[in-house]
Novice: 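Take this structure, written in structure tokens, and hold onto it; I'll ask about it next.
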There are 2 protein chains.
Amino acid sequence: MPKTSTDSNIRSLPAGESLPPKTAKPVRAKTLKRKDQILEAALRCFTAHGIAATTIDLIRSESGASVGSLYHHFGSKEAIASALYMQGMEDHFLRLRTALNDCHSAEQGVKAIVKTYCEWISENPDWARFIFGSRGEALSEEQEQKLRQDNKAHFTYLQDWFRPYLDAGELKDYPFSIYHSLLVGPAQDYAKHWLSGRQKKPLRDYIELFCEAAWKTLAP
Amino acid sequence: MPKTSTDSNIRSLPAGESLPPKTAKPVRAKTLKRKDQILEAALRCFTAHGIAATTIDLIRSESGASVGSLYHHFGSKEAIASALYMQGMEDHFLRLRTALNDCHSAEQGVKAIVKTYCEWISENPDWARFIFGSRGEALSEEQEQKLRQDNKAHFTYLQDWFRPYLDAGELKDYPFSIYHSLLVGPAQDYAKHWLSGRQKKPLRDYIELFCEAAWKTLAP
DNA sequence: AACGTTATTAGAATTTAATTCTAGAATATT
DNA sequence: AATATTCTAGAATTAAATTCTAATAACGTT
């Protein structure tokens with residue numbers, strides 16, 4: 001009985017977590033390759049034609065896979081989008097954590113978050129455009145679940161990272177649930193406008209500015 | 001030759017503009033009512049089932065209209081979403097301008113923008129959820145065009161409103177294209193999380209905080 | 001290296017949903 | 001009242017997503 005595979009090619013390992021003890025399903029190299037081909041093709045299609053206008057058949061021909069293969073690996077069109085979304089988030093999260101490792105003050109941390117955010121978007125505009133564009137919809141049960149978990153884990157990681165500085169009074173004491181919004185909200189909004197062509201100046205040009213602004217908001 | 005009607009029930013009149021001199025097309029009362037019924041039904045459906053899962057047939061039965069009627073008035077499913085989107089934006093823009101009229105300092109203006117933004121979302125959560133959820137996609141040529149114009153007009157309005165204060169040095173002198181992002185970015189991000197259920201505390205509870213934060217960023 | 005098992009691929013068949021079309025009813029215009 | 005236009009209905013069509021059946025390839029086992 002063929003079963004839609006769910007474990008996609010995970011690139012990052014959640015920092016603190018240990019490997020699940022599971023009854024290892026065999027994962028074939030060719031499978032991962034095909035899945036990646038499909039995801040890449042899908043992103044190309046989404047970028048070129050927009051999410052709504054991208055049909056399964058387009059992804060099929062672009063990826064060289066067959067309909068059967070597509071559905072075997074992902075189960076639905078939505079799931080392809082989901083996977084792309086999740087992959088993007090993971091990629092970004094990982095990068096952010098890496099950046100934070102080199103920071104040793106509240107100010108450095110705050111600025112690193114904003115900077116990393118902007119850089120990721122600048123370097124992966126297609127991916128970012130897709131993620132912004134598909135927000136909300138397009139998440140199946142399972143993936144929605146996983147996204148929440150990931151978000152929460154990420155959130156907790158950040159919280160832990162900042163706690164010492166907070167305790168030391170190096171950071172303004174807002175309710176924590178709001179930190180993320182204060183930090184990346186402005187950059188995110190500008191990014192959206194830039195990605196959609198409504199703003200000309202590249203996001204990159206304003207990185208410094210958004211970093212400064214964020215720090216100004218959060219400095220004690 | 002029946003033609004898809006394009007002039008939807010506009011609630012706000014762009015402030016500075018005069019009425020177009022057009023060769024008035026007759027607009028029937030019943031027509032507007034039906035269009036509104038359809039839009040309202042559509043919003044209900046989007047809220048209840050999500051945008052992607054809402055079918056034409058669902059909107060049809062919910063609105064009591066026929067397929068023919070639906071297509072006569074809007075021309076496509078996308079166009080229904082577009083109209084809803086536009087209507088929301090207009091509603092919000094109008095409200096914001098009204099609020100700004102009572103402000104007489106940079107600080108008042110800045111805070112009014114953030115406050116109005118938050119209040120509109122808090123009072124129209126379904127509408128807001130839809131707008132955030134449908135971002136980007138779902139705009140037809142014509143409407144895309146109109147949205148850009150509206151945005152630009154709104155933008156210009158804000159710019160004009162703030163210029164005197166900027167000249168008087170009551171406001172930090174950032175590039176103007178970034179003001180909007182600095183102002184509402186944080187509130188917008190939090191709103192998104194709240195609307196999707198990822199954050200519990202209602203946006204309303206943080207209005208003060210976002211206002212203060214915005215002013216802190218923009219104060220000279 | 002032959003065998004059985006399971007994963008993968010292919011593409012035809014089916015189902016579901018969006019859109020178009022044709023004709024008739026309602027409303028306005030002369 | 002005659003005519004033109006807009007609006008409504010629902011059947012017919014088209015397009016796209018998904019399911020299904022069978023064939024092929026990869027893998028572990030012997």
Side-chain angles (χ1 to χ4, degrees), chain A residues 1-9 23-39 41-42 45-46 49-83 134 137-138 140-141, chain B residues 1-9 23-39 41-42 45-46 49-83 134 137-138 140-141:
Chain A
M1 154 209 338
K3 181 167 163 276
T4 298
S5 67
T6 60
D7 57 337
S8 93
N9 37 352
T23 55
K25 270 180 268 179
V27 180
R28 301 181 187 177
K30 280 216 176 154
T31 299
L32 293 195
K33 208 166 87 192
R34 173 97 318 169
K35 284 182 92 167
D36 259 343
Q37 283 172 352
I38 294 172
L39 288 177
C45 294
F46 289 146
H49 305 92
I51 299 176
T54 296
T55 70
I56 283 283
D57 204 60
L58 197 62
I59 299 176
R60 181 196 56 70
S61 76
E62 189 71 14
S63 67
S66 68
V67 184
S69 190
L70 272 163
Y71 276 86
H72 171 72
H73 288 301
F74 293 97
S76 79
K77 180 178 148 181
E78 223 185 66
I80 297 176
S82 287
S134 75
E137 295 292 316
S140 59
E141 282 311 311
Chain B
M1 151 211 339
K3 179 167 164 276
T4 299
S5 67
T6 60
D7 56 337
S8 93
N9 36 353
T23 55
K25 271 181 265 179
V27 180
R28 301 179 189 177
K30 281 215 177 156
T31 300
L32 292 195
K33 209 166 84 192
R34 173 86 335 159
K35 286 182 90 167
D36 259 343
Q37 282 172 353
I38 293 172
L39 288 177
C45 295
F46 290 145
H49 306 92
I51 299 176
T54 296
T55 69
I56 283 283
D57 203 60
L58 197 63
I59 299 176
R60 180 195 57 70
S61 75
E62 190 72 14
S63 67
S66 67
V67 183
S69 190
L70 272 163
Y71 276 87
H72 171 72
H73 288 301
F74 293 97
S76 78
K77 181 177 148 183
E78 223 184 66
I80 297 177
S82 286
S134 75
E137 294 293 316
S140 58
E141 281 310 311

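Chain identifiers are assigned alphabetically (A, B, ...) following the order of the sequence lines, protein sequences preceding nucleic acid strands; residue numbering begins at 1 within each chain.
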Novice: Could you check how far CD of A:Glu78 sits from C1' of D:dA16, rounded to whole Å?
Specialist: 15 Å
Novice: Do B:Lys33 and B:Asp36 make a side-chain contact, defined as non-hydrogen atoms from C-beta onward lying under 4.5 Å apart?
Specialist: no
Novice: If each of A:Ser76 and B:Gly64 is mapped to the nucleotide of DNA chain D with the nearest heavy atom, which maps nearer the 5' terminus, i.e. the 5' end?
Specialist: B:Gly64
Novice: Rounding to a whole Å, what distance do you find between A:Tyr71:OH and C:dA12:P?
Specialist: 16 Å
Novice: Over all heavy atoms of both residues, which pair between B:Ile59 and B:Ile80 is shortest? Give the atoms and the distance, please.
Specialist: CD1-CD1, 4.4 Å
Novice: At less than 4.0 Å, is any side-chain N or O atom of A:His73 found next to OP1 or OP2 of C:dA7? Yes or no.
Specialist: no
Novice: D:dA17 P sits how many Å from A:Ile51 CD1, rounded?
Specialist: 14 Å
Novice: Please determine whether a side-chain nitrogen or oxygen atom of B:Arg34 lies at a distance below 4.0 Å from atom OP1 or OP2 of C:dA26.
Specialist: no
Novice: Between atom CD1 in A:Ile56 and atom P in C:dA17, what is the gap in whole Å?
Specialist: 16 Å
Novice: Can you tell me if the side-chain N/O atoms of B:Ser66 get under 4.0 Å from OP1 or OP2 in D:dA9?
Specialist: yes
Novice: Hey, which of these two, A:Asp57 or A:Gly68, hits DNA chain D nearer its 5' end, going by closest nucleotide?
Specialist: A:Asp57
Novice: Atom CG of B:Leu70 to atom P of D:dG10: distance rounded to whole Å?
Specialist: 12 Å
Novice: Give, for atom OG1 of B:Thr54 and atom CD of B:Glu62, the distance between the pair rounded to the nearest 0.5 Å.
Specialist: 10.0 Å
Novice: Send over the distance from B:Phe74 CZ to C:dT20 P, rounded to a whole Å.
Specialist: 16 Å
Novice: Output the single nucleotide from D:dA17, D:dT8, C:dT9 whose closest atom is nearest the side chain of B:Ser69.
Specialist: D:dT8
Novice: Could you check how far CZ of A:Arg60 sits from P of C:dT9, rounded to whole Å?
Specialist: 14 Å
Novice: Working to the nearest 0.5 Å, report the span between NZ of A:Lys77 and OG1 of A:Thr55.
Specialist: 7.0 Å
Novice: State whether B:His72 places a side-chain N or O below 4.0 Å from either non-bridging phosphate oxygen (OP1 or OP2) of D:dC7.
Specialist: yes
Novice: Looking only at heavy atoms, what is the nearest atom pair of A:Ser69 and A:Arg34, with distance?
Specialist: OG-CD, 3.6 Å
Novice: Report the distance from atom NZ of B:Lys33 to atom P of D:dT6, rounded to the nearest whole Å.
Specialist: 21 Å
